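Below is one structure; the comments refer to it alone.
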There are 2 protein chains.
Amino acid sequence: MDKPPRQTKHDLFLNYKIWLSGLTGNGRISDTTFSLLAKIKELGSIKLAAQACDISYRKAWGDIEEAEKMLEYQLIDKQRGGKDGGHSQLTPACNKLLEAYDALHQKFDDSVEAAFEDFRKAMLQKPASK
Amino acid sequence: MDKPPRQTKHDLFLNYKIWLSGLTGNGRISDTTFSLLAKIKELGSIKLAAQACDISYRKAWGDIEEAEKMLEYQLIDKQRGGKDGGHSQLTPACNKLLEAYDALHQKFDDSVEAAFEDFRKAMLQKPASK
DNA sequence: TTTCGAGGTGTAAAAGTATGCATATCGTTA
DNA sequence: TAACGATATGCATACTTTTACACCTCGAAA
């Protein structure tokens, strides 16, 4: 889930995690939730997406519920029943969100890369005097 | 500890957390650990710093141990005994690390600000066609 | 109208993380 | 040399988060 971290001279890596939260901070949409949504888009099923993301269906469902409650709009069109049991797909609003988040994440990666590069350079300098 | 998140149109906030890890990923230096180090520098005591950071001394000590084990160098000069019981101060290497980390964090904040601004704009556009 | 498999839900167990507390150690200073 | 208070450490408890599992719901297609 997390991006592979970046290395310094001393086998040091930088990691980060971002997430969205609501006004009260009680709900959250994590990186893993966005990965899940992307997989649902790809596979058309919450169950398959959860497996692909290596999380339990229970958690996947809970995360989606939490996200939808927080955003106050549907992220997923869920279809129950039928010979195949059912299937799911992202709503237009969810696609928009996912698209914006992907762009956000990409910008982040680039920024992190640059910032960590500076960090590495700084760590190669002599210690601060004070 | 975490920076106050930023808001979108729909009461949506962006949060993030960064941390350093070692090669194997078993150790970590979190944001809270750096805050702790900064407080130790300011207050000259692990105990006082832990109180100021609102974490238990037990956790503070464990975090420091973990960080030093990971980096394989001392972060803190610890003085035991004496009428005052003892005191602590950061090593030069720790000061360097802290300085570099602060700069890194600042760059992060700026990047987050910019990236989230773009995110907000994207969320105001019409939904993706597909 | 029966069947099938994914969606949907409660709850107990497990795993991971933090706290609280007890207790030992150290060494300077009075 | 006795006392003091922060460092140091183990361990039980508590809290949080995730998993495991059981079981129900739904509705198109056979």
Side-chain angles (χ1 to χ4, degrees), chain A residues 1-2 15 17 19 21 25-33 35-37 39-70 74-91 94, chain B residues 1-2 15 17 19 21 24-37 39-70 74-91 94:
Chain A
M1 167 70 287
D2 296 328
N15 311 263
K17 183 166 290 202
W19 69 94
S21 68
N26 45 7
R28 65 164 49 189
I29 310 179
S30 70
D31 224 41
T32 56
T33 305
S35 298
L36 180 69
L37 291 175
K39 277 294 177 190
I40 291 173
K41 179 174 187 169
E42 179 189 337
L43 300 173
S45 153
I46 297 176
K47 177 178 187 152
L48 292 179
Q51 287 177 350
C53 290
D54 204 38
I55 60 175
S56 62
Y57 176 86
R58 192 67 188 78
K59 174 164 167 54
W61 198 90
D63 286 353
I64 293 168
E65 185 192 35
E66 185 182 352
E68 292 187 329
K69 196 163 292 183
M70 196 185 100
Q74 288 290 114
L75 291 174
I76 297 182
D77 279 324
K78 298 151 192 162
Q79 211 65 42
R80 305 214 299 188
K83 186 64 179 177
D84 62 336
H87 50 90
S88 294
Q89 62 178 342
L90 306 189
T91 61
C94 185
Chain B
M1 164 75 284
D2 296 327
N15 310 263
K17 182 166 289 200
W19 69 95
S21 68
T24 53
N26 43 6
R28 65 163 51 190
I29 310 179
S30 70
D31 224 42
T32 57
T33 305
F34 279 107
S35 298
L36 179 69
L37 292 174
K39 277 293 176 189
I40 291 172
K41 179 174 188 169
E42 180 188 337
L43 301 173
S45 154
I46 298 176
K47 179 179 185 151
L48 292 180
Q51 287 176 348
C53 290
D54 204 38
I55 60 175
S56 62
Y57 177 86
R58 191 67 189 79
K59 174 165 167 53
W61 196 90
D63 285 354
I64 292 167
E65 185 193 34
E66 185 182 351
E68 291 187 330
K69 196 163 290 179
M70 196 184 99
Q74 288 290 113
L75 290 175
I76 297 183
D77 279 326
K78 298 153 193 163
Q79 212 64 43
R80 304 212 301 187
K83 187 67 179 175
D84 61 337
H87 49 91
S88 295
Q89 62 179 343
L90 307 189
T91 61
C94 185

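These figures come from a predicted structure and were not determined experimentally. These values consider heavy atoms only, across backbone and side chains, with no hydrogens, waters or symmetry-generated copies. We name chains A, B, ... by the order of the sequence lines, and we start the count at 1 in each one.
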- Item | Non-neighbouring partners of A/Ser45 that pass side-chain hydrogen bond (donor to acceptor under 3.5 Å, both in side chains), sequence neighbours left out | none
- Query: Taking atom P of C/dC26 as reference, at what distance in whole Å does atom CD1 of B/Ile46 sit?
  - Reply: 16 Å
- Between B/Phe34 and B/Ile29, the two heavy atoms sitting closest are CE1-CG2, 3.5 Å
- How about A/Thr91 and A/Ile76: do any of their side-chain heavy atoms sit closer than 4.5 Å? no
- Can you check the A/Glu66 CD to D/dT17 P distance for me, whole Å? 10 Å
- Strand-adjacent residues in residues 81-88 of chain B, judged by heavy atoms under 4.0 Å from DNA chain D: B/Gly81, B/Gly82, B/Lys83, B/Asp84, B/Gly85, B/Gly86, B/Ser88
- Query: With sequence neighbours excluded, what pairs up with A/Asp84 under the side-chain contact (heavy atoms from CB on, under 4.5 Å) test?
  - Reply: A/His87
- Take the protein atom CZ of B/Arg80 and the nucleotide atom P of C/dT28, then report the distance between them rounded to whole Å. 12 Å
- May I have the distance from A/Lys47 (atom NZ) to C/dG8 (atom P), rounded to whole angstrom? 13 Å
- Spacing of B/Ile40 atom CD1 relative to D/dA8 atom C1', expressed in whole Å: 14 Å
- Sequence neighbours excluded, the answer for side-chain hydrogen bond (donor to acceptor under 3.5 Å, both in side chains) partners of B/Glu68 is B/Lys78
- Message: Tell me which pairs pass salt bridge (Lys or Arg N to Asp or Glu O under 4.0 Å) where either residue lies in residues 51-61 of chain B, with sequence neighbours left out.
- Response: B/Lys59-B/Asp63
- Apply salt bridge (Lys or Arg N to Asp or Glu O under 4.0 Å) to B/Lys47 and list each qualifying residue two or more places apart in sequence or on a separate chain. none
- Taking the side chain of A/Trp61 as its heavy atoms from C-beta onward, which of C/dT25, C/dT9, D/dT9 lies nearest to it? C/dT9
- Query: Tell me: CG of A/Leu48 to P of C/dG5, nearest whole Å?
  - Reply: 13 Å
Pairwise N/O distances under 3.5 Å, protein to nucleotides 19-23 of chain C:
unit_1	atom_1	unit_2	atom_2	d
C/dT19	OP2	B/Ser56	OG	3.3

- Query: Do B/Thr33 and B/Ser30 have a side chain donor and acceptor closer than 3.5 Å?
  - Reply: yes
- Message: List the residues meeting side-chain contact (heavy atoms from CB on, under 4.5 Å) with B/Leu43, not counting sequence neighbours, and say none if there are none.
- Response: B/Lys39, B/Leu48, B/Ala52
- Message: Measuring from atom CD1 of B/Ile64 to atom CG of B/Leu75, what distance do you get when rounded to the nearest 0.5 angstrom?
- Response: 8.0 Å
- Message: Rounded to whole Å, please give me the gap between CZ in B/Arg28 and C1' in C/dG16.
- Response: 11 Å
- Find the distance B/Asp63:CG to C/dA18:C1' and express it as a whole number of Å. 10 Å
- Under the side-chain contact (heavy atoms from CB on, under 4.5 Å) rule, collect the residues that match up with B/Glu65, sequence neighbours excluded. B/Trp61, B/Lys69
- Message: If the helix axis at each end comes from five base pairs, how far does the helix from C/dT1-D/dA30 to C/dA30-D/dT1 deviate from straight, to 10°?
- Response: 10°
